[in-house]
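For reference, the structure is listed below as structure tokens.
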There are 2 protein chains.
Amino acid sequence: MNLDHASTKPHERLAAHLEDKLREVNDMIHTRMMSENAPRIPQVTAHLIDAGGKRLRPMLTLAAADMCGYRGEYDVHLATTVEFIHTATLLHDDVVDESAQRRGRPTANLMWDNKSSVLVGDYLFSRAFQMMVEPGSLRVLSILSNASATIAEGEVLQLSAAQDLATDEGVYLKVVRGKTAALFSAATEVGGVIADAPEDQVKALFDYGDALGISFQIVDDLLDYQGDSSATGKNIGDDFRERKLTLPVIKAVAKADDEERAFWVRTIEKGRQEEGDLEHALELLHKHKALEETRDDALAWAAKAKDALNALPDHPVRQLLVEIADYVVARIS
Amino acid sequence: MNLDHASTKPHERLAAHLEDKLREVNDMIHTRMMSENAPRIPQVTAHLIDAGGKRLRPMLTLAAADMCGYRGEYDVHLATTVEFIHTATLLHDDVVDESAQRRGRPTANLMWDNKSSVLVGDYLFSRAFQMMVEPGSLRVLSILSNASATIAEGEVLQLSAAQDLATDEGVYLKVVRGKTAALFSAATEVGGVIADAPEDQVKALFDYGDALGISFQIVDDLLDYQGDSSATGKNIGDDFRERKLTLPVIKAVAKADDEERAFWVRTIEKGRQEEGDLEHALELLHKHKALEETRDDALAWAAKAKDALNALPDHPVRQLLVEIADYVVARIS
């Protein structure tokens, strides 16, 4: 497949470059999600897996392995592993957030029940764990088990930090690493490890995934306050209404005077929101340049991601990874 | 600690024999459940872990390693891993079953919320996974990852099989292996593997854990229909009221005439229970000798567990494991 550069998005061009491997990943996803004994498992999984999603995380693993010259078959196992971990966390997140929609479809917890989402998530996580044992690399296992712990810890931290005005940018970063960046960085790092890449390249792959993931999440949180809802599929202010303390608000709270602080305590900590509160919140975000600063942070992380790639060999995939980092922040630039 | 044989239970004597190692396991449980970032994690975990429980599963790992002459330190890691997997499944089970009590205390999902139970369960499972990587044995990882998948699959299978009269003894056995026996057998097997025991001993350890776990669960299901509620802490007929298709009912359904079948369809499949139904169910169980046959099955599995131990070296722990198999069925003998 030869895609015209100008008309396609960089992750689509990366998918085209990795076409054969990505087909193997899709096959493995479907083979490994099967359960002879419990047909509910592939039903629930297929509902989510077949709804699409860009397969960005497994592509990162395949891309890293490819760039580092890997010619074996285990990049497919690891890419599938990464997608299963991601799917498992989505299933559990939807239970935790009581979400009704995911990828434009009703969530599994609504289609079936919370029980199925919890247990099928557990099953996918166990299957992920089985698959990652297969390449026989203890280092890969260590990276992915550490990432899993960081993800789970970040999710629990978010529960307690989300509505607590004492949450600062340091805590925010830990939450973001847990919910997004830890799996991105593990995805890229294991690609390098399986390819037996030199240590500085493995480190660079980790750094790329980490910075890309953080940038990705900050953009998401920023768009919640200034996005075009027809493009993002989200309504402006969803995070505010759900009392989620994300980076824009953290920055505004840090500069708040007493009256403003009382506003944030009432709306976020106590959740007593009234008509006009979102508009006032947006005024405060503008007044303190919280949105501009959030945007600068996202751009800085994207730049850091691109910088990391300098340690990697010149390769067509490297250029696509640069463009993906640009693309992540293009929506806010 | 020197415990008098006559007055103590065999698992208490095993605990006394393994006292030092068990203390290390308890220390490791408390160290590894900590989270610098998310204090909710040790709160939820401690609520469950400190409520007691007999630590039977970690003791099985320590016992197997001890019996096979292991003198290293990783039996403690693996025993702790096994307890963490067990605790994670309890947290998720309580969400799935909407339970209100566990080990005589309110469940974590009531004390905090379902979110915390789901996410802290995920965290403990991830920590288990980190710990099991540490001994550096791919075989151990393979055993524990396979056991995790069997557990999750069994739980999902139970969701669909529980109220379906087509569930036969084969399906029941798969569910029981998932909910109980898979972790027992993995616990004993990894103890032998870490000790580098000969293959026939490793196999015998697996068989002991598998048969002991199945026996344990069948006894539990039988006591639900004929136990002394002051001893079991459960009310007679809880499973019936919750429409759980366990072995006694499966046996009675297999021999039911049309009228009896209609009764089971109404009460279990459709859940339209009326006053007097439990009494009628008990009559049918007696009529078809379902309780006696269930008891015979439990005894046969306990005998199988003891038989397996013959392949293992003569050792004080081996005798205690024999007595534990007898003790499991003593409540119904």
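Note that the structure is a prediction, hence the values are computed from the model and not measured. So you know, we letter chains A, B, ... as the sequences are listed, proteins then strands, and number each from 1.
Using a 4.5 Å cut-off between heavy atoms, B/Leu159 contacts chain A through its side chain alone, with no backbone atom that close.
When B/Met132, B/Met131, B/Arg127 are compared by the number of non-hydrogen pairs under 4.5 Å with chain A, B/Met132 comes out ahead. By number of non-hydrogen pairs under 4.5 angstrom with chain B, the leading residue of A/Phe125, A/Tyr123, A/Phe129 is A/Phe129.
The interface of residues 141-156 of chain B with chain A, defined by heavy-atom distances below 4.5 Å, comprises B/Leu141, B/Ser142, B/Leu144, B/Ser145, B/Asn146, B/Ser148, B/Ala149, B/Ala152, B/Glu153, B/Glu155, B/Val156.
Here B/Asp93 contributes atom CG and A/Leu119 contributes atom CG; the two are 7.5 Å apart, rounded to the nearest 0.5 Å.
Ring-plane geometry between A/His92 and B/His92 is classed as perpendicular, the angle between the planes exceeding 60 degrees on a 0 to 90 degree scale with a lower cut at 30.
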